[in-house]
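Shown next, in structure tokens, is the structure this report addresses.
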Amino acid sequence: TSPTAVTHSIADDDSNCLKTSGVRSQDCPSHSRTSLQSSHLWEFVRDLLLSPEENCGILEWEDREQGIFRVVKSEALAKMWGQRKKNDRMTYEKLSRALRYYYKTGILERVDRRLVYKFGKNAHGWQEDKL
DNA sequence: CGATTCTTTCCTGATT
DNA sequence: TAATCAGGAAAGAATC
């Protein structure tokens, strides 16, 4: 019954993007491994931004030249960070607090737009080919 | 062990 | 209204 099988969600939550899909298990020979090994939050974000395979639309460059990026899926980002730190209580609210502390150290610079951040002078390794 | 740095948790209030 | 943003404060974790 209930003929209203009106599909599932269009946006479907991204609980886990890579896996359960027809994604070949062996695509990227180089790096990969469903977890980026970066000790610090900003490095984790940077590496995620630099590896589309793991990113799955969670982060997106707004201006690659200037290092401006946007958090597209805040909840998903928090979950990934939580996985990395083995903390399932992580939320975007808490993650963003840590991100705001980076403004003081120059790792990030403030951008007056929701969910948008920019790498600062003290952040490195995000540029196409710095130097 | 103590100090420092980074992150997490919580909170109140403002803004979108 | 629900999300986000702003920071202060304090606790926790990892390092040196």
Side-chain angles (χ1 to χ4, degrees):
Chain A
T1 58
S2 64
T4 45
V6 184
T7 108
H8 17 327
S9 37
I10 300 172
D12 63 32
D13 42 2
D14 42 62
S15 308
N16 33 9
C17 28
L18 35 78
K19 74 174 26 174
T20 64
S21 297
V23 181
R24 290 164 158 46
S25 11
Q26 311 176 344
D27 255 337
C28 10
S30 302
H31 45 287
S32 72
R33 203 88 261 163
T34 39
S35 51
L36 302 171
Q37 213 54 74
S38 341
S39 50
H40 294 149
L41 177 57
W42 75 270
E43 297 175 310
F44 177 79
V45 169
R46 175 198 63 191
D47 297 345
L48 211 47
L49 224 27
L50 262 34
S51 53
E53 283 73 34
E54 314 291 347
N55 191 313
C56 16
I58 289 177
L59 293 173
E60 179 179 286
W61 285 109
E62 282 259 318
D63 189 319
R64 187 61 207 273
E65 306 290 288
Q66 297 190 67
I68 300 174
F69 60 94
R70 184 170 80 257
V71 178
V72 181
K73 301 178 181 178
S74 58
E75 286 183 54
L77 177 62
K79 284 177 183 172
M80 286 193 82
W81 176 236
Q83 284 176 43
R84 174 69 190 65
K85 298 289 292 295
K86 296 192 185 317
N87 175 2
D88 54 340
R89 280 105 49 196
M90 184 49 59
T91 64
Y92 178 70
E93 270 286 292
K94 293 186 284 190
L95 184 157
S96 62
R97 180 68 188 91
L99 249 31
R100 289 195 290 277
Y101 270 130
Y102 284 139
Y103 295 146
K104 287 186 181 304
T105 56
I107 293 294
L108 292 180
E109 283 177 25
R110 186 167 292 161
V111 173
D112 182 43
R113 270 184 277 153
R114 282 191 150 196
L115 301 169
V116 179
Y117 299 86
K118 171 180 178 176
F119 286 118
K121 316 176 183 59
N122 298 326
H124 55 269
W126 56 270
Q127 295 182 73
E128 208 84 84
D129 52 9
K130 174 72 175 195
L131 300 184

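Order of the sequence lines fixes the chain letters, A, B, ..., with proteins taken first and strands second; residue numbering starts at 1 for each chain.
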Item to complete: Check ring pair (Phe, Tyr, Trp, His ring centres under 6.0 Å) between A/His124 and all other residues, then give those that pass, not counting sequence neighbours.
Response: A/Trp42
Item to complete: Could you list the residues that satisfy side chain to side chain donor-acceptor pair (under 3.5 Å) with A/Glu60, not counting sequence neighbours?
Response: A/Arg70
Fill in: Set of residues satisfying side chain to side chain donor-acceptor pair (under 3.5 Å) with respect to A/Tyr102, sequence neighbours excluded
none
Worksheet item: With the sugar-phosphate defined as primed atoms, P, OP1 and OP2, and the base as all remaining atoms, what B/S/- string results for nucleotides 4-16 of chain C, 5' to 3', for protein heavy atoms under 4.0 Å?
Response: BBBBBBB------
Discussion item. Taking any atom closer than 4.0 angstrom to a non-hydrogen atom of chain A, what span of DNA chain B does the protein reach, first nucleotide to last?
Written reply: B/dC6 to B/dT16
Discussion item. Please check this pair: side chain of A/Lys94 against backbone of A/Ala78, looking for a donor-acceptor N/O pair closer than 3.5 Å.
Written reply: no
Worksheet item: Which of these, A/Glu62, A/Arg110, A/Glu109, sits in a side chain to side chain contact (heavy atoms under 4.5 Å, CB included) with A/Lys118?
Response: A/Glu109
Fill in: For A/Leu49 against A/Leu59, the heavy-atom pair lying closest together
CD1-CB, 3.3 Å
Discussion item. Could you work out, with side chain to side chain donor-acceptor pair (under 3.5 Å) as the rule, every residue matching A/Ser96, not counting sequence neighbours?
Written reply: A/Arg100
